[in-house]
Amino acid sequence: MARQEKKHEPLFHIVKRGSIVWWKSWVIRALAVVAALAFSGVVSVLITGENPFDIYITMFKGAFGSSHRIWNLLQGIAMLLCVSLAVTPAFKMRFWNIGAEGQALIGGFVAAACMLKLTGVIPNWLMIPVMLIGSMLAGAIWGLLPAFFKANWGTNETLFTLMMNYIAMQIVSYFANIWAVPKGSGQIGMINGDTNIGWLPRILGQRYLLNIIIVLALTAFIYIYLKYSKHGYEISVVGESENTARYIGINVKKVIIRTMIISGALCGIAGFLLVAGSDHSITPDTIGGRGFTAIMVSWLAKFNPIFMILTSFILVFMQRGAGQVATDLGLNQAFSDIIAGIIIFFIIGSEFFINYQIKFREKEVKTK
């Protein structure tokens, strides 16, 4: 009789969670931030020899050290949140829109072009509405093109939207040379600095307050749109299964195109707010990588616009704080990028523990 070998179970195995209470997921993320700060402190000590607690205090001061820094922090959160809101409808539909950078940039470009070419041509009171509509249309077109090809011929939207980023950047670079002040500098400089035509008005003396109010209104709109509207329901169904959507009578092509038009238009608004509300100029770096960071914000918040406020705050706070540490210690920008990268890595890694759990092997009970 053949000898039966004893099977040994692994020490642990990974199991996908069925569901998790929302507050537990945020506790896990909070613990990830604490762990990230601790690890960043160790790295900072090894590189700089500074006390890690001094580094944390410096990070806090970098974000909240003065009223000016607080308003800059809120502006940064608002702009990142705006782009994150823009990509969310597409992501919820499982359309991987990696082109938010280009869609926002082309929207900002149109806003800047209106300021440069329509000043004195149209009434001043009409300038901002024209800039806003032009930015939304430009962003919508930049979102429509990959959606049209995807809906009709099944092209790869990730590559298509990514390539559109580079086209937008080259368009801005080309016209920056043409409109450069002074000629040959390659920089447009501040537009209408003497007249403030096309600049968003200050509210209560704060230049960023209107931007923040507009983004908060967009947050409420996108939350209601995705959760309670018919369009939001169709986006969810298409995201779950296109075949199911077709079976129940949803026009999948129409949903894809419509959603990407909305996504692109919202990116255009972000570009408009940056040009009209803060920068008053346009360069290839105006969006500053927000189009890619927005992917993390939307994903970490599980496509919930309300939770995106918190994830935007965490990322912007960490970036501003790390930048202040680099400045105070006389280090270059690479150091702040290292710290920000470590923190983002820990935050993204926390999603593993939200979606999966580790189960250890149970001890065998010996029977007599």
Side-chain angles (χ1 to χ4, degrees), residues 59-88 100-101 103-105 107-109 111-112 115 128 131-132 135-136 139 190-193 196 198-222 266-298 301 305-327 333 336-337 340 343-344:
M59 291 181 69
F60 186 84
K61 287 181 178 178
F64 300 104
S66 66
S67 60
H68 176 72
R69 289 177 179 175
I70 292 172
W71 280 108
N72 281 335
L73 176 72
L74 294 175
Q75 160 71 1
I77 294 170
M79 291 300 96
L80 178 58
L81 177 59
C82 188
V83 182
S84 303
L85 293 170
V87 299
T88 295
E101 192 88 2
Q103 292 155 22
L105 185 61
F109 166 74
M115 293 170 69
I128 288 179
M131 290 168 59
L132 176 59
S135 296
M136 292 178 67
M190 188 172 291
I191 305 171
N192 295 341
N196 292 353
W199 291 27
L200 290 180
R202 292 173 179 256
I203 297 181
L204 302 177
Q206 299 296 333
R207 59 184 296 203
Y208 298 140
L209 184 54
L210 184 56
N211 280 14
I212 295 167
I213 292 172
I214 291 172
V215 174
L216 287 176
L218 287 175
T219 303
F221 167 75
I222 294 298
L266 290 171
C267 284
I269 292 175
F272 162 78
L273 292 176
L274 284 167
V275 170
S278 58
D279 294 359
H280 312 303
S281 185
I282 188 73
T283 71
D285 297 322
T286 292
I287 310 304
R290 292 181 180 91
F292 300 108
T293 309
I295 297 171
M296 288 188 289
V297 172
S298 180
I306 306 301
F307 290 157
M308 284 180 208
I309 299 174
L310 181 57
T311 52
S312 297
F313 165 76
I314 292 172
L315 292 175
V316 175
F317 168 76
M318 296 302 180
Q319 290 171 350
R320 297 294 170 90
Q324 189 64 38
V325 170
T327 301
Q333 186 61 34
S336 65
D337 292 339
I343 294 166
I344 291 171

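Across all their heavy atoms, I77 and I309 have their closest contact at CG2-O, 4.4 Å. The two residues S298 and S84 make their nearest non-hydrogen contact at CB-O, 4.2 Å. Nearest approach of G107 to S135, heavy atoms of both residues: O-OG, 2.7 Å. Closest heavy-atom contact between L266 and A86: CB-CB, 3.5 Å. Across L218 and C82, no two heavy atoms sit closer than the pair CD1-SG, 4.0 Å. Annotation for I282 and G108: closest pair CD1-C, 3.7 Å, computed over non-hydrogen atoms.
Taking F64 as the reference, F60, F317 meet the ring pair (Phe, Tyr, Trp, His ring centres under 6.0 Å) condition, with sequence neighbours excluded.
Under the 4.5 Å side-chain criterion, counting only non-hydrogen atoms from C-beta, L74 is not in contact with Y208. Counting only heavy atoms from C-beta outward, the side chains of L132 and M136 approach each other to under 4.5 Å. Inter-residue side-chain proximity for F313 and L81 is flagged as unmet; no heavy-atom pair is nearer than 4.5 Å.
We find the CD1-CG distance between I343 and L315 to be 9.0 Å, quoted to the nearest 0.5 Å. The CD atom of Q206 lies 11.0 Å from the CD1 atom of I213; values are rounded to the nearest 0.5 Å. The CD1 atom of I222 sits 11.0 Å away from atom CD1 of I306, with the distance rounded to the nearest 0.5 Å. How far CH2 of W71 is from CD1 of I212: 5.0 Å, rounded to the nearest 0.5 Å. Distance check: L204 CG to L210 CG gives 11.0 Å after rounding to the nearest 0.5 Å.
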Discussion item. Assess the residue pair L209 and R202 against the criterion (side-chain contact (heavy atoms from CB on, under 4.5 Å)); give the C-alpha distance rounded to whole Å, side-chain angles, the decisive distance to 0.1 Å, and a yes or no.
Written reply: CA-CA 7 Å; L209 184 54; R202 292 173 179 256; over 6 Å; no

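Looking only at distances, no side-chain donor or acceptor of Q103 sits under 3.5 Å from a matching main-chain atom of G139. Between the R207 side chain and the G277 main chain, no donor and acceptor come within less than 3.5 Å of each other. Under the 3.5 Å distance criterion, the side-chain polar atoms of T293 are left unmatched by any main-chain donor or acceptor of R290. Between the side chain of R69 and the main chain of S66, no donor-acceptor pair closer than 3.5 Å is present.
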